[in-house]
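For clarity, every value in this text was computed on a predicted model and none was experimentally measured.
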Amino acid sequence: MFIAPAVSQVNFSLNFGQPGYYGRVEMSDYYPRPVVLYQQPVIIERSPAYSYGAQPVYVNVPPGQARNWSRHCSSYELCNRPVYFVDNNWYERSYVPAYRKYKGKKHYYGNKPYKYQYD
């Protein structure tokens, strides 16, 4: 008798605004002021496309990646952008609840519901 091995496939993804998400963090006046790990933005490669006046990007990364950003920035395609690293506790405890509250409301652009790029 042949018994086939059990194979299971688990598909798992985290979306923007969920606990455990790592990546860019959308900022606006609606969200709480971010707690950042470093007072100055970090930039690895200066690029003419993003001059010294470029707006910084806020990003939530796993522990240790901020310290070794030059090794990890390419994974996020942010080596040539000024980056602020948000504190993960702030993200989980302040940002995620505010994001969910904000996203739970209907937002309109003109007379049509606004479609978010992260949906």
Side-chain angles (χ1 to χ4, degrees):
M1 170 168 33
F2 177 74
I3 300 175
V7 177
S8 66
Q9 180 178 355
V10 177
N11 292 327
F12 181 75
S13 68
L14 290 171
N15 293 319
F16 184 76
Q18 291 182 322
Y21 165 82
Y22 295 112
R24 291 181 190 211
V25 176
E26 175 184 304
M27 297 305 301
S28 72
D29 292 339
Y30 182 78
Y31 300 112
R33 183 178 173 93
V35 175
V36 294
L37 300 181
Y38 307 115
Q39 294 302 312
Q40 296 296 319
V42 176
I43 187 166
I44 301 302
E45 300 171 5
R46 298 229 181 253
S47 166
Y50 299 105
S51 65
Y52 288 94
Q55 290 295 321
V57 174
Y58 290 85
V59 66
N60 185 33
V61 296
Q65 285 193 4
R67 277 192 308 268
N68 299 307
W69 186 237
S70 62
R71 294 165 128 180
H72 303 285
C73 64
S74 61
S75 299
Y76 299 90
E77 297 180 5
L78 292 173
C79 293
N80 62 349
R81 297 291 303 269
V83 171
Y84 280 114
F85 301 102
V86 299
D87 178 75
N88 191 264
N89 286 328
W90 170 84
Y91 176 80
E92 300 277 341
R93 295 181 183 161
S94 298
Y95 184 84
V96 169
Y99 178 83
R100 287 181 175 168
K101 182 179 176 184
Y102 182 68
K103 291 289 284 193
K105 296 179 181 178
K106 291 250 186 220
H107 301 280
Y108 290 88
Y109 181 77
N111 61 354
K112 296 181 181 178
Y114 182 75
K115 177 138 175 76
Y116 293 90
Q117 71 182 60
Y118 295 103
D119 287 345

Checklist entry - Do you know the tightest heavy-atom contact between Asn68 and His72? => result O-CD2, 3.1 Å

Checklist entry - Any idea which heavy atoms bring Met27 and Pro34 closest together, and the distance? => result CE-CD, 3.6 Å

Checklist entry - Where is the tightest heavy-atom contact between Val61 and Ala66, given as atom of each residue plus distance? => result CG2-N, 3.8 Å

Checklist outcome for this item: For Ile43 and Cys79 the tightest heavy-atom approach is CG1-O, 4.1 Å

Checklist entry - Is there a side-chain contact between Arg67 and Tyr38, using heavy atoms and a 4.5 Å cut-off? => result yes

Item to check | Validation row: Arg100, Tyr95 side chains within 4.5 angstrom (heavy atoms) | outcome: no

Checklist entry - Looking at residues at least two apart in the chain, or sitting in another chain, which of them share a ring-ring contact (aromatic ring centres under 6.0 Å, His included) with Trp69? => result Tyr76, Phe85

Next on the checklist: Using only atom types and a distance under 3.5 Å, with no angle test, would you say the side chain of Asp87 pairs donor to acceptor with the backbone of Trp90?
Outcome noted: yes

Next on the checklist: Quick one, Arg81 and Glu45 - any side-chain contact, counting heavy atoms below 4.5 Å?
Outcome noted: no

Checklist entry - What pair of heavy atoms forms the shortest contact from Cys73 to Ile44, and how long is it? => result SG-CG1, 4.0 Å

Checklist outcome for this item: Applying side-chain contact (heavy atoms from CB on, under 4.5 Å) to Asn60 and not counting sequence neighbours gives Tyr22, Val25, Val86, Asn88, Tyr91

Item to check | Least distance between heavy atoms, Arg24 atom then Val57 atom | outcome: CG-CG1, 3.8 Å

Checklist entry - With sequence neighbours left out, what residues match Pro41 under side-chain contact (heavy atoms from CB on, under 4.5 Å)? => result Pro56, Pro82, Tyr84

